[in-house]
Amino acid sequence: MALTATHPTVTPGRSSPLGATIVHSGVNFSVFSRNAAAIELLLFDREDDSRPSHVIPLDPVISRSYHYWHAFVPGLQPGQLYGYRARGQFDPASGARFDANKVLLDPYGRGVVVPRNYSREAARHPGDNCATAMKSVVVDPSTYDWEGDTPLKRPSSRTIIYEMHVRGFTRHPSSGLKEHLRGTYAGLIEKIPYLKQLGVTAVELLPVFQFDPQDFPPGKVNYWGYAPVSFFAPHQAYSSRRDALGPIDEFRDMVKALHREGLEVILDVVFNHTAEGDHTGPTISLRGLDNSIYYLLEPDQARYANFSGTGNTLNANHPIVRRLIVDSLRYWVETMHVDGFRFDLASILARDPSGQVMPHPPVLWDIESDPALAGTKLIAEAWDAAGLYQVGNFIGDSWKEWNGRFRDDVRSFFLGEDGSVERLADRFIGSPEIYGHKEREAEQSVNFVTCHDGFTLNDLVSYNQKHNEPNGENNRDGANDNRSWNCGVEGPSGDPGIEKLRERQIKNFLTITFLSLGVPMLLMGDEARRSQRGNNNAYCQDNETSWFDWNLVQQHAALHRFVALLAARRALRKMDTERERRTLNQLLRSASKAWHGVKLHQPDWSQQSHSLAFSAELPEENLSFYVIFNAYWEPLEFELPAERHGAGHPWRRWIDTSLESPHDIQDWPATPVVRQRRYRAGPRSVVVLIAAAITEATGPSNR
């Protein structure tokens, strides 16, 4: 049955708001296209229907305002499936790629359904693809009961981020969940007690926007999700519910449950490209609605600029695309209650239509200055795939940055590289060399040693080379500069000495990540030595290579305990430079601190140095601490400062990564007293001594 805009049941509707909006007894549809000659609204009864139940041509005279096409259809309810067809010129040489045979997703669609026989190939080749195309879903967000929930706005100084994959977190059979819950938002809810016990305060979820599961090499699957087709809809496959509205409600259930336990939700968002790929890619949404508006094109217009390394680049600073991005962010904060965003390849958002870097990118300032996003955590991956590296120079006053130099320099130090001591020192105190010029708070730096992209922490100390052969790219993919060390054997080892060394190195990395000034980030499973068998680019491995094997938690209970005790102390920090408006430079200038070598106040900054010590007082916490970083392959003895505070509080050993559990880290009240005036730090170890007024029962002396 076809309806027309002149049919008595269909009226022209309104241009605002964009998307499908429930209005009284029906739905208002509005979509942008400047260059389309005609647009049809398609209604579907089922996701795999081979033809729409209704086709509604949008009259260009009465159903078009400026470049917005719109119609009001009475009687429709939430859950209605729909899409668009856009007619116009197909002339790639001029940037036009209209294809009236393709079903197009609504760029503002709040939900997406994927038919069982979805075909990316059908969207690439000529012909109708109704039966195999994804469809948008009408959603009424106002009906959900949040029960008073709001974003948490936790201070960054008390934030510990856990980067995780929704599916990979619980998909493994060892998760103990029922089959239908594994790998879902609901499954994550079941594991909240684990996250609380671990001590993290925020989960950073790899992409949960609906993505194309078939955007992958032949024979593989898109696992990470960096292939978005919608900036508003949660990924359908991560829902345990199979109804069209299930993913939206289940995602909100997850956010609400996490908030109840004090855990924030940060989304890894991809606004630099889409799954429509290069000039040979499929027509799914933006390409078919107005290709030259939504994408950066090469000078010949037929091909796409590829600053993302995935085939295309969004034209993020075009007014229409800027609005799309900001509207998406506002939706996820105001309607879905998320607490923050990590922007994948964020430097791309600084490029103009010709690809040049702009000094004041409009889209980034739109995000920065939007009042609805004030107080929201904004984290930039401040580089792109075309060589633009902006760590320390990303624009704005509120953006945090993934500190890639922290990762590289900490790895280099514990690898034993010459000339790495000064860089380690700077990273430990908040990277003032990188960030000091901006006069920002200490938490501008998000500190990490591992993330989803690269080796896991276990593999960092178990492999000298990447082993990405299962990806099917002849091991050419993935980073070559890993700064890893296998401790003597490539891969798993039954040698107890090698295993002890690997465990020690892992604890070294964890300790400096949690104790450095900045926001610490932990990769999913690193607390239990999750391994990807040397694969440092597992983007297409939706299998046990990437899934969290929950058996590891018990097998590596000592390491899990180590992380939990680190996190417990980090979360109790009283310092909040962000809210106090104290900059990193102010903090460092006012701090009572000193650098040392094996002798007090004599740090060795030479190229051949592999050790360093640091002491500081924290008056807010009535605490002094003394940290030893020994990346040398032999033990070293370090002179200790005199007892601090003038109150005779002795030094106590909190952490010594060279010791076996439970002596490697102690519960705060049980820290043993250190009587010696020198401390012998084991080879390749980190030691943390504290001096504080501890009123609880203390442990035995370390004589």
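- The two atoms that bring Pro107 and Leu324 nearest to each other are O-CD1, 3.8 Å, heavy atoms only.
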> Checking side chain to side chain contact (heavy atoms under 4.5 Å, CB included) for the pair Gln197/His560: CA distance, chi angles, key distance, verdict?
Replying inline: CA-CA 10 Å; Gln197 180 191 41; His560 183 277; 3.7 Å; yes
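- Within the cation-pi definition used here (under 6.0 Å to the ring centroid, within 45° of the axis), Arg407 does not qualify as a partner of Phe448.
- Taking the six-membered ring for Trp, Trp550 and Tyr194 have ring centres closer than 6.0 Å.
- The structure places CZ of Arg427 at 13.5 Å from OG1 of Thr513, a figure rounded to the nearest 0.5 Å.
- Taking CD1 from Ile284 and CG from Asp212, the interatomic distance works out to 4.5 Å, rounded to the nearest 0.5 Å.
- No donor-acceptor distance shorter than 3.5 angstrom exists from the side chain of Asp667 to the backbone of Ala670, with no hydrogens or angles considered.
- Side chains of Thr456 and Gln532: a donor-acceptor N/O pair is absent below 3.5 angstrom, by distance only.
- Gln554 CD: 12 or fewer foreign heavy atoms inside a 6.0 Å radius.
- Scanning all heavy atoms of the two residues, the minimum distance from Tyr118 to Gln214 falls at O-NE2, 2.7 Å.
- For the pair Thr310/Tyr226, no side-chain contact is recorded, criterion being any heavy-atom separation below 4.5 Å from C-beta on.
- The backbone N or O of Pro662 sits less than 3.5 Å from a side-chain atom of Arg561, completing a donor-acceptor pair.
- Salt-bridge formation is detected for the pair Arg260/Glu147: a Lys NZ or Arg NE/NH1/NH2 atom is positioned less than 4.0 Å from an Asp or Glu carboxylate oxygen.
- Within the 4.5 Å cutoff, no side-chain heavy atoms of Thr201 are placed close to those of Arg158.
- A donor-acceptor pair under 3.5 Å is formed between the side chain of Ser328 and the backbone N or O of Phe231.
- Contact record, Met164 with Leu188: CE-CD1, 3.4 Å, taken as the closest heavy-atom pair.
- Ring-plane geometry between Trp332 and Phe209 is classed as parallel, the angle between the planes falling under 30 degrees on a 0 to 90 degree scale with a further cut at 60.
- Each of Ile379, Ile367, Thr376 was compared with Phe341 under the side-chain contact (heavy atoms from CB on, under 4.5 Å) criterion, and only Thr376 meets it.
- Asp339 and His259 are linked by a side-chain donor-acceptor pair at a separation below 3.5 angstrom, with hydrogens and angles left out of the test.
- Using modelled atom types, no side-chain atom of Tyr185 and backbone atom of Ile248 make a donor-acceptor pair closer than 3.5 Å.
- Within the 3.5 Å criterion, the main-chain N or O of Tyr223 finds no donor-acceptor partner in the side chain of Gln541.
- Looking only at side-chain heavy atoms (C-beta outward), Leu263 and Tyr162 stay at 4.5 Å or farther from each other.
- Nearest approach of Trp399 to Glu368, heavy atoms of both residues: CD1-OE1, 3.0 Å.
- Using modelled atom types, one finds a donor on one side chain and an acceptor on the other under 3.5 Å when comparing Asp344 with Asn272.
- Heavy-atom contacts from other residues, nucleotides or ligands closer than 6.0 Å to CZ of Arg116 number 12 or fewer.
- For the atom pair Glu439 CD and Thr583 OG1, the distance stands at 4.5 Å (nearest 0.5 Å).
- Between the CG atom in Asp106 and the CG atom in Leu18 there is a gap of 8.0 Å [rounded to 0.5 Å].
- Taking CE from Met524 and CD from Glu163, the interatomic distance works out to 9.0 Å, rounded to the nearest 0.5 Å.
- Contact check for Val229 versus Asp215: no side-chain heavy atoms found under the 4.5 Å cut-off.
- Using a distance-only test at 3.5 Å, with no hydrogens or angles considered, a donor-acceptor pair links the side chain of Gln80 to the main chain of Phe44.
- A side-chain N or O of Glu381 and one of Trp383 form a donor-acceptor pair less than 3.5 Å apart.
- Side-chain atoms of Asn447 and Leu517, non-hydrogen and from C-beta on, never get closer than 4.5 Å to each other.
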> Is there a side chain to side chain contact (heavy atoms under 4.5 Å, CB included) between Arg529 and Gln555 once you walk through the steps?
Replying inline: CA-CA 9 Å; Arg529 292 188 62 173; Gln555 293 174 22; over 6 Å; no
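- The minimum heavy-atom distance between Leu205 and Val265, with the atom names listed, is CD1-CG1, 4.1 Å.
- Closest heavy-atom contact between Ala275 and Ala227: CB-O, 3.3 Å.
- Ring geometry, Phe29 versus Tyr82: the interplanar angle exceeds 60°, so the pair is classed perpendicular (tilted spans 30 to 60°).
- Residues Glu443 and Ser157 bring no donor and acceptor atom of their side chains to less than 3.5 Å of each other.
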>> Let's go through Ile434 and Ser445 carefully: what are the C-alpha distance in whole Å and the side-chain angles of both, what is the deciding distance for side chain to side chain contact (heavy atoms under 4.5 Å, CB included) to 0.1 Å, and is it a yes or a no?
In response: CA-CA 9 Å; Ile434 302 173; Ser445 175; over 6 Å; no
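- To the nearest 0.5 angstrom, Glu527 atom CD is 12.0 Å from Asn458 atom CG.
- When atom types are taken as modelled, the side chain of Thr511 and the backbone of Lys507 share a donor-acceptor pair closer than 3.5 angstrom.
- Residues Tyr108 and Asp327 have side chains that bring a donor and an acceptor to within less than 3.5 angstrom of each other.
- Side chains of Asp549 and Ser174: a donor-acceptor N/O pair is present below 3.5 angstrom, by distance only.
- By the 4.5 Å heavy-atom criterion applied to side chains, Asn403 and Ser431 are counted as neighbours.
- Between Glu441 and Lys400 a salt bridge is recorded (basic side-chain N to carboxylate O distance below 4.0 Å).
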>> With side chain to side chain contact (heavy atoms under 4.5 Å, CB included) as the criterion, how do Glu204 and Lys377 come out once you've worked through the C-alpha distance, each side chain's angles and the decisive distance to 0.1 Å?
In response: CA-CA 11 Å; Glu204 182 175 301; Lys377 289 180 171 63; over 6 Å; no
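- A donor-acceptor pair is defined here as one N or O able to donate and one able to accept, closer than 3.5 Å; no such pair exists between the side chain of Ser136 and the backbone of Gly109.
- A donor-acceptor pair shorter than 3.5 Å cannot be found between the side chains of His337 and Tyr144.
- Cation-pi check for Arg110 over Tyr331 is met; the charged atom lies under 6.0 angstrom from the ring centroid and within 45 degrees of its normal.
- For Trp402 and Phe394, the ring centers sit 6.0 Å or farther from each other.
- For the pair Leu329 and Phe271, the minimum side-chain heavy-atom distance is below 4.5 Å.
- In this structure, Leu267 and Val208 have side chains that are in contact, with non-hydrogen atoms separated by less than 4.5 Å.
- Salt bridge annotation for Lys256-Glu261: absent, with no cationic side-chain nitrogen under 4.0 angstrom from a carboxylate oxygen.
- Trp654 places a side-chain N or O within donor-acceptor distance of the main-chain N or O of Gln666, the cut-off being under 3.5 Å.
- Side-chain atoms of Thr657 and Asp664 form no donor-acceptor pair, as typed in the model, at a separation below 3.5 Å.
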>> Working note: Arg342 + Glu401, criterion salt bridge (charged side-chain N to carboxylate O under 4.0 Å, His left out); need CA distance, chi angles, decisive distance, verdict.
In response: CA-CA 9 Å; Arg342 177 266 188 188; Glu401 296 177 21; over 6 Å; no
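- Remark: the backbone N or O of Ser175 is paired with a side-chain donor or acceptor of Lys191 at under 3.5 angstrom.
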